[in-house]
Amino acid sequence: MDRITIDLVSDVVCPWCFLGKARLELAIAEVQDEVSIDINWRPYQLNPDYPPEGVDHQVELAKKLGGKERMDSAHAELKALGAEVGIAFNFDAIKVGPNTLDAHRLIHWASQESREVQGRIVDGLFRANFEQGRNIGDAKVLADIAEEAGMMRSVVETLLSGDADVQHVLSEVEAAKQMGVNGVPFFIFDQQYAVSGAQPAAELANAMREIGKAKAEAMRNLN
């Protein structure tokens, strides 16, 4: 079976990234008998200028989107799309707009344990922010999520209290920008093919099938 690696550039405060993740999981389920998929989560920051303590989310997002009416309209659309893939968006519960640097550090540390642990951390962060309204810029919340995902709480607390891997995360964000990523989610298949945006599951599944076929054909030609 052909194996495809997907580098998924995202930010855990991006609702379209949460939607893209859910759609990708549906697509993977659809092609699981045809190709094997590995996911590497790569960092991006939509709001790198937010302070460590965060901002008033409702106020800042309304400003960014051009007013409360536009924000409410966008949220209504996302709620409907989320319901289709099992996401219970609760935008009213989100009080703090966090700086996600520490959340991305946690995702990086999880990757050093396994892709499975990293996947649980990413899922926990998205759900904490978008379904539970928890502040994922807060060290205690991050330690809770880490513990829930099977990581050692005391180690995570120690790492969060210092600046371990801050530069690593920032350099990865910068590398994504240098590659031309200016919006997320951004999917990179086998470091060759790129897909931008929360594409429908069927389109992602078709892309994976086509890449799998191309890899199989390339192997046949080598032999």
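Start at 1 with the first residue, then count along the sequence.
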Student: How are the rings of Phe126 and Phe18 set relative to one another: parallel (under 30°), tilted (30 to 60°) or perpendicular (over 60°)?
Tutor: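 The rings of Phe126 and Phe18 lie parallel, inter-plane angle below 30°.
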Student: Working to the nearest 0.5 Å, report the span between CG of Asp144 and CD of Glu157.
Tutor: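 The CG atom of Asp144 sits 8.5 Å away from the CD atom of Glu157.
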Student: Can you confirm whether more than 12 heavy atoms, excluding those of Gln112, are under 6.0 Å from its CD atom?
Tutor: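 Check passes, neighbour count above 12.
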Student: Taking only Lys NZ, Arg NE, NH1 and NH2, and the carboxylate oxygens of Asp or Glu, determine whether Lys21 and Glu25 approach each other closer than 4.0 Å.
Tutor: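 Salt bridge between Lys21 and Glu25, a charged N being under 4.0 Å from a carboxylate O: yes.
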Student: Quick one: are Gln118 and Ile121 in side-chain contact, heavy atoms under 4.5 Å?
Tutor: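 With C-beta onward as the side chain, the pair stays apart.
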Student: Only one of Val122, Ile136, Asp123, Val156 passes side chain to side chain contact (heavy atoms under 4.5 Å, CB included) with Ile145; say which it is.
Tutor: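 Only match with Ile145 under side chain to side chain contact (heavy atoms under 4.5 Å, CB included): Ile136.
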Student: What I'd like to find out is whether the side chain of Ile211 reaches to under 4.5 Å of the side chain of Lys215, using heavy atoms alone.
Tutor: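 Yes, their side chains come closer than 4.5 Å.
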Student: Could you check whether Arg42 pairs with Asp7 (Lys NZ or Arg NE/NH1/NH2 to Asp/Glu carboxylate O, under 4.0 Å)?
Tutor: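 The answer is yes: the pair qualifies as a salt bridge.
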Student: For Asp163, is the CG atom crowded, meaning more than 12 foreign heavy atoms sit under 6.0 Å from it?
Tutor: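 No, the 6.0 Å shell around CG holds no more than 12 heavy atoms from other groups.
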Student: On a heavy-atom basis, which atom in Ala146 and which in Leu106 lie closest, and how many Å separate them?
Tutor: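 Scanning both residues, the minimum pair turns out to be CB-CD1, 3.9 Å.
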Student: Under a 4.5 Å cut-off applied to non-hydrogen side-chain atoms, are Ile94 and Phe130 in contact?
Tutor: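 Yes - at least one pair of side-chain heavy atoms lies under 4.5 Å apart.
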Student: Is it the case that more than 12 heavy atoms not belonging to Met1 sit under 6.0 Å from its CE atom?
Tutor: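 For Met1, atom CE is crowded (more than 12 foreign heavy atoms under 6.0 Å).
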Student: As an exercise, state the distance from CG of Asp165 to NE2 of His104, rounded to the nearest 0.5 Å.
Tutor: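 Atom-to-atom, Asp165:CG and His104:NE2 are 13.5 Å apart.
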Student: The criterion is side-chain contact (heavy atoms from CB on, under 4.5 Å); which residues satisfy it with Glu210, sequence neighbours excluded?
Tutor: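 So Glu210 forms a side-chain contact (heavy atoms from CB on, under 4.5 Å) with Lys213.
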Student: Salt bridge check: are Glu203 and Arg209 linked by an N-O gap of less than 4.0 Å?
Tutor: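 No, no charged N to carboxylate O under 4.0 Å.
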Student: I'd like to check the side-chain contact (heavy atoms from CB on, under 4.5 Å) partners of Arg3; sequence neighbours left out, ordered by chain and number.
Tutor: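 Here the qualifying residues are Ser36, Asp38.
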